[in-house]
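Have a look at the structure below before the remarks.
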Amino acid sequence: MWPPLPDYGCFARWPQDGQSWIHPDDVATVTRVIPSERVFKRVSFDKSYYHYRYGNLRFRLRPAMWLRVDAEGLDVGDSVETVGLGLERELFIGEICGMYYVSRKGSLAYRLRRAGNLVPGLFLSHQLRLLKDKATIREGYVQHPEPTWNGQGERIPEFP
């Protein structure tokens, strides 16, 4: 009956008349961020309200019409590195501080923060790599001889 959680979506328009669909403690927060193209993460349902997240922002809403979007494996607060494009784009490590649905492209776009400053422009998922998915260093294939010591802190030469 209820959708599987977590899921993602946005409220591009005010979904209902009035504010009765907003938890009374969250009215100030919700009226600041909705309507917008921000993509919120719906994390749980307590039989009255859905619980939403957007980075450190948390709020609760009764079931309401929203635009569901497909997740791309990135979320607000994730550390990412940019993927290079020849010499056209500077490579850097940043944090996702905004996640938006771009309706004219039908895709998600991400705003990044680098060293506490906003990076101009938006990035698409193929331009970013999640840092916790970094490849591990493979084991080396060159055999190196083990050094031997004479017990007095001097290395015994292997070749005379």
Side-chain angles (χ1 to χ4, degrees), residues 2-15 22-23 25-46 49-61 63-149 155 158:
W2 303 108
L5 299 175
D7 64 346
Y8 293 82
C10 67
F11 295 95
R13 292 173 181 75
W14 195 258
I22 305 170
H23 189 282
D25 296 340
D26 299 331
V27 171
T29 301
V30 171
T31 55
R32 267 191 5 247
V33 296
I34 293 176
S36 73
E37 293 192 345
R38 287 181 183 92
V39 175
F40 302 104
K41 182 178 186 179
R42 189 164 58 176
V43 293
S44 65
F45 184 64
D46 65 12
Y49 292 96
Y50 279 108
H51 294 247
Y52 293 84
R53 286 188 189 163
Y54 188 78
N56 293 329
L57 191 66
R58 309 277 190 268
F59 57 89
R60 294 157 290 183
L61 303 173
M65 186 76 91
W66 77 329
L67 176 62
R68 190 181 160 296
V69 298
D70 293 329
E72 296 179 330
L74 300 170
D75 205 351
V76 175
D78 286 345
S79 294
V80 294
E81 65 179 342
T82 56
V83 176
L85 181 63
L87 297 174
E88 295 179 22
R89 186 179 307 133
E90 177 186 5
L91 300 178
F92 64 90
I93 294 174
E95 179 182 331
I96 297 175
C97 63
M99 187 170 160
Y100 306 95
Y101 179 71
V102 182
S103 57
R104 70 181 186 282
K105 292 187 177 189
S107 65
L108 296 178
Y110 303 89
R111 181 165 309 283
L112 300 183
R113 178 173 286 133
R114 176 183 178 191
N117 299 316
L118 286 178
V119 177
L122 295 174
F123 294 80
L124 301 177
S125 63
H126 70 272
Q127 298 170 325
L128 303 173
R129 185 175 303 130
L130 190 60
L131 280 182
K132 65 183 174 189
D133 284 346
K134 294 288 280 186
T136 57
I137 298 175
R138 68 180 188 281
E139 200 167 316
Y141 53 86
V142 176
Q143 296 293 327
H144 296 284
E146 288 279 327
T148 53
W149 305 92
R155 185 168 179 252
E158 293 154 13

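Closest approach of Phe11 and Ala64 over heavy atoms only: CE2-CB, 4.4 Å. Here the closest non-hydrogen pair linking Ala109 and Val102 is CB-CG2, 3.7 Å. Contact record, Cys97 with Leu118: SG-CD2, 3.4 Å, taken as the closest heavy-atom pair. Among all heavy-atom pairs drawn from Pro63 and Phe45, the shortest one is CG-CE1, 4.0 Å. Leu124 and Ser107 get closest at one heavy-atom pair: CD2-OG, 4.1 Å.
None of Ile93, Val80, Asp78 except one satisfies the side-chain contact (heavy atoms from CB on, under 4.5 Å) rule with Leu131; the exception is Ile93.
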Residue pair Tyr110, Leu122: steps toward the side-chain contact (heavy atoms from CB on, under 4.5 Å) verdict: CA-CA 5 Å; Tyr110 303 89; Leu122 295 174; over 6 Å; no
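Ring centroids of Trp66 and Tyr50 are separated by 6.0 Å or more, keeping the two rings apart. Taking the six-membered ring for Trp, Phe40 and Tyr54 have ring centres closer than 6.0 Å.
Taken from CG in Leu112 to CZ in Phe92, the straight-line distance is 5.0 Å, to the nearest 0.5 Å. Put simply, CG on Leu74 and CE on Met99 are 7.5 Å apart, with the number rounded to the nearest 0.5 Å. The line from CD of Glu37 to CG of Leu67 is 9.0 Å long, rounded to the nearest 0.5 Å.
No donor-acceptor pair under 3.5 Å is formed between the side chain of Asp26 and the backbone N or O of Thr29.
Residue-environment remark: CZ (Arg13) stays at or below the threshold of 12 foreign heavy atoms within 6.0 Å. More than 12 non-hydrogen atoms from other residues, nucleotides or ligands lie less than 6.0 angstrom from CZ of Arg38. Annotation: Asn56, atom CG; neighbour count of heavy atoms from other residues, nucleotides and ligands within 6.0 Å does not exceed 12.
At a threshold of 4.5 Å between non-hydrogen side-chain atoms, the residues Ile22 and Phe59 do not count as touching.
Salt bridge Arg129/Glu81: present, at least one basic N to carboxylate O contact under 4.0 Å.
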